[in-house]
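Any value given below was found using the heavy atoms of this structure, including those in side chains, with hydrogens, waters and symmetry copies removed.
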Amino acid sequence: MIETKICRTCKQEKGRAAFRNQRTNKDGKKGFCIPCEDAWHKINYQKNREKRLEQQKAWNEAHPDKVVEYMRDYVWRQWAKGLKSKKIK
């Protein structure tokens with residue numbers, strides 16, 4: 001199997017570990033390296049921030065029961081995580 005790959009954005013040759021997985025590609029990796037993909041997501045989020053926030057607000061208002069359920073589960077998971085991190089002697 002090929003050990004290196006060239007990023008489509010920065011055009012640098014990098015090891016396969018520098019690329020995220022994508023099952024639909026022949027080599028099983030995305031065409032963009034992780035830093036380039038992260039930068040793209042950050043820019044894309046900033047460009048569409050208001051639209052995303054409006055969509056999220058609309059979904060939350062349309063599904064209040066799911067929001068409450070998620071928050072209840074989230075609080076429970078955080079509480080359980082806190083118990084695991086405390087060392088009892």
Restricting to pairs with a member in residues 26-45, which pass ring-ring contact (aromatic ring centres under 6.0 Å, His included), not counting sequence neighbours? none
List in chain and number order the residues that pass side-chain hydrogen bond (donor to acceptor under 3.5 Å, both in side chains) with Asn25, two or more places apart in sequence or in another chain; answer none if no residue qualifies. none
Review item, side-chain donor-acceptor pairs of residues 46-55, under 3.5 Å, at least two apart:
unit_1	atom_1	unit_2	atom_2	d
Asn48	ND2	Asn44	O	3.1
Asn48	ND2	Asn44	OD1	2.9

Qualifying salt bridge (charged side-chain N to carboxylate O under 4.0 Å, His left out) pairs with a residue from residues 32-45, counting only residues at least two apart or across chains: Arg20-Glu37, Arg20-Asp38, Lys30-Glu37
Which heavy-atom pair separates Cys33 from Cys7 by the least distance, and what is that distance? N-SG, 3.4 Å
Among residues at least two apart in sequence or on other chains, which ones pass side-chain contact (heavy atoms from CB on, under 4.5 Å) with Lys5? Phe19, Asp27, Lys29
To the nearest 0.5 Å, tell me how far Glu13 CD sits from Thr4 OG1. 3.5 Å
Can you run down the ring-ring contact (aromatic ring centres under 6.0 Å, His included) pairs that involve residues 48-73, sequence neighbours left out, and say none if there aren't any? Trp59-His63
